[in-house]
Amino acid sequence: MNFFDSHLHHQAISNSVMAGVGQFTAAAMFCNSAKLSDWPQVLAKAHTYPQVVLPFLGIHPWFAGEWNGTSHEQLAHLLATEQARGIGEIGLDRPCGVAAHLQEQAFMAQLQLAGEFSCPVAIHCVRRWGRLLEILADHSALPAIMIHGFTGSLEVMVRLLSLGCYISFGPKLMARDGGEVSTLLGHIPLERLLLESDAPHMADGNYPAELLHLINFCAQLRDLTPEELGKIIYENGKVFTN
């Protein structure tokens, strides 16, 4: 079976975890940062496990105050030297307490870098879907856009799909209303579907078993075997590595 985790953090990656992941036919994971102090840790994990861990570096909206000229130059350098393979996680978050203008300043600057270096992005959004859709409509040329841990409505998902986005679901999907889950999974084209653990934040210390549970859950709803869905998800992830 192929194993692909579209979104996790460096704290979840250890020798024991990687030994378990290594038992799969093929494996890959996108390791995302949230703040500047994460960047060296993410790069170190990618260096240690270069065939599996792909580093995404960025400033999360919770830490948008860290975005300035220096962090811009640092990220540009890491992208130019191909140490960073993507930008993430970045985005917008209404309830987090950081001023909206600071979040948008950091988000849009990082989207500009993604366009400049033609690299994929992993986007976090909480209760600012309308504004996100407006911004992404002006960045349609980005090579690959992942909406990580999607918690929005069917209407929002359809609009994001129309903008070329990939939709990544995490463990929270299994806690949503069953009819809502069936509707979302029934309307998303399989070629745009991604799954993630968001470990260690959402995996309850049981990584990668939590992601396998999510794969089994989604496979059953799409009338596929876990092996079939795992292969589809793995192939979808390749779009972000080209």
Quiz prompt | Minimum heavy-atom distance between Pro226 and Asn216, given as atom pair plus value | solution = CG-OD1, 3.0 Å
Practice problem: Answer yes or no: is there a donor N or O on one side and an acceptor on the other, between the side chain of Lys45 and the main chain of Ile13, under 3.5 Å? | Solution: yes
Quiz item: Taking C-beta and beyond as the side chain, do Val158 and Glu155 meet within less than 4.5 Å on heavy atoms?
Solution: no
Quiz item: In the single-linkage hydrophobic clustering (I, L, V, M, F, W, Y; side-chain heavy atoms under 4.5 Å), do Leu111 and Val98 co-cluster?
Solution: no
Practice problem: Say whether, by atom type as modelled, one donor and one acceptor occur between the side chain of Arg222 and the main chain of Leu185 under 3.5 angstrom. | Solution: yes
Quiz prompt | Contact summary for Ser71 and Leu36, nearest pair of heavy atoms | solution = CB-CD2, 4.0 Å
Quiz item: Is it the case that one hydrophobic cluster holds both Leu142 and Tyr166, taking links as side-chain heavy atoms less than 4.5 Å apart, direct or via other members?
Solution: yes
Quiz item: For His139, does the NE2 atom have more than 12 heavy-atom neighbours from other residues, nucleotides or ligands under 6.0 Å away?
Solution: yes
Self-check item: Heavy-atom side-chain proximity of Leu78 to Leu43 below 4.5 angstrom
Solution: yes
Quiz prompt | Exercise: do Glu89 and His9 side chains pair donor with acceptor under 3.5 Å | solution = yes
Quiz item: Is the backbone of Thr183 close enough, under 3.5 Å, to the side chain of His187 for a donor and an acceptor to pair up by distance?
Solution: yes
Exercise. To the nearest 0.5 Å, tell me how far Phe4 CZ sits from Ile233 CD1.
Key: 8.5 Å
Quiz item: Does a side-chain heavy-atom distance below 4.5 Å link Leu190 with Leu224?
Solution: yes
Practice problem: Could you tell me the separation between the CG atom of Asp5 and the CG atom of Leu54, rounded to the nearest 0.5 Å? | Solution: 12.0 Å
Quiz item: Would you find more than 12 non-hydrogen atoms of other residues, nucleotides or ligands less than 6.0 Å from Glu191 atom CD?
Solution: yes
Quiz item: Do Leu113 and Ile87 touch side chain to side chain, with heavy atoms closer than 4.5 Å?
Solution: yes
Practice problem: Report the distance from atom CD of Gln11 to atom OG of Ser14, rounding to the nearest 0.5 Å. | Solution: 12.0 Å
Quiz item: Going through the checks in order, is the side chain to side chain contact (heavy atoms under 4.5 Å, CB included) test met by Phe30 and His7?
Solution: CA-CA 5 Å; Phe30 294 164; His7 190 99; 5.9 Å; no
Quiz item: When clusters are formed by joining ILVMFWY residues with side-chain heavy atoms under 4.5 Å apart, either directly or through shared neighbours, do Ile135 and Val126 land in the same one?
Solution: no
Quiz item: Taking all atoms of both residues into account, what is the closest heavy-atom pair of Pro61 and Gly91, and its distance?
Solution: CB-O, 3.5 Å
Quiz item: Looking at Ala12 and Val17, what are the two nearest heavy atoms and their distance?
Solution: O-CG2, 3.7 Å
Quiz prompt | Side chain Arg127, main chain Pro95, donor-acceptor under 3.5 Å | solution = no
Quiz item: Checking side-chain hydrogen bond (donor to acceptor under 3.5 Å, both in side chains) for the pair Asn2/Thr25: CA distance, chi angles, key distance, verdict?
Solution: CA-CA 5 Å; Asn2 291 346; Thr25 304; 4.6 Å; no
Exercise. Before giving the answer on side chain to side chain contact (heavy atoms under 4.5 Å, CB included), spell out for Asn15 and Tyr49 the whole-Å C-alpha distance, their side-chain angles and the decisive distance to 0.1 Å.
Key: CA-CA 10 Å; Asn15 288 335; Tyr49 309 105; 2.4 Å; yes
Quiz item: Are Gln83 and Thr81 close enough that a side-chain donor and a side-chain acceptor fall under 3.5 Å?
Solution: yes
Exercise. Of all the heavy-atom pairs spanning Ser182 and Leu221, show the shortest one and how long it is.
Key: OG-CD2, 4.0 Å
Quiz prompt | Test: Glu104 and Arg128 ion pair at under 4.0 Å | solution = yes
Self-check item: Side-chain donor or acceptor of Glu210 paired with backbone N/O of Tyr207 under 3.5 Å
Solution: no
Exercise. Mark yes when over 12 heavy atoms from residues, nucleotides or ligands other than Gln220 sit less than 6.0 Å from its CD; otherwise mark no.
Key: no
Practice problem: Compute the ring centroids of Phe56 and Phe240, then answer whether they are less than 6.0 Å apart. | Solution: no
Practice problem: Answer yes or no: is there a donor N or O on one side and an acceptor on the other, between the side chain of Asp38 and the main chain of Lys35, under 3.5 Å? | Solution: yes
Quiz item: How would you list, by chain and number, every residue that makes a ring pair (Phe, Tyr, Trp, His ring centres under 6.0 Å) with Tyr234, sequence neighbours excluded?
Solution: none
Practice problem: Could you go through the side chain to side chain contact (heavy atoms under 4.5 Å, CB included) check for Arg192 and Asn236 one step at a time? | Solution: CA-CA 7 Å; Arg192 295 284 194 84; Asn236 292 347; over 6 Å; no
Quiz item: OG of Ser162 to CE of Met157: how many Å apart, nearest 0.5 Å?
Solution: 11.0 Å
Quiz item: Below 4.5 Å, heavy atoms only, C-beta onward: do Leu8 and Asp198 meet side chain to side chain?
Solution: no
Quiz item: Tell me, do Phe107 and Ile123 make a side-chain contact under 4.5 Å, heavy atoms counted?
Solution: yes
Quiz item: Stepwise, does the side chain to side chain contact (heavy atoms under 4.5 Å, CB included) test hold for Thr225 with Leu229?
Solution: CA-CA 6 Å; Thr225 67; Leu229 184 58; over 6 Å; no
Self-check item: Member of Thr151, Leu193, Val181, Ile147 meeting the side chain to side chain contact (heavy atoms under 4.5 Å, CB included) criterion with Phe169
Solution: Leu193
Quiz item: When rounded to the nearest 0.5 angstrom, what is the spacing between CZ in Phe3 and CD in Gln23?
Solution: 11.5 Å
Quiz item: Which heavy atom of Asn32 sits nearest a heavy atom of Gly88, and at what distance?
Solution: OD1-C, 3.3 Å
Exercise. Quick one: pull up CG in Leu136 and SG in Cys165 and give me the separation to the nearest 0.5 Å.
Key: 5.0 Å
Quiz item: Looking only at side chains, do Glu196 and Ser168 share a donor and an acceptor under 3.5 Å apart?
Solution: yes
Practice problem: Indicate if Leu102 and Phe63 have the same hydrophobic cluster label, given that clusters are the connected sets of ILVMFWY residues with side-chain heavy-atom separations under 4.5 angstrom. | Solution: no
Quiz prompt | Thr241 side chain to Lys238 backbone, donor-acceptor under 3.5 Å | solution = yes
Quiz prompt | Min side-chain heavy-atom separation Leu79-Leu75 under 4.5 Å | solution = yes
Quiz item: Given side chains that start at C-beta, do those of Gln110 and Trp67 come closer than 4.5 Å, heavy atoms only?
Solution: yes
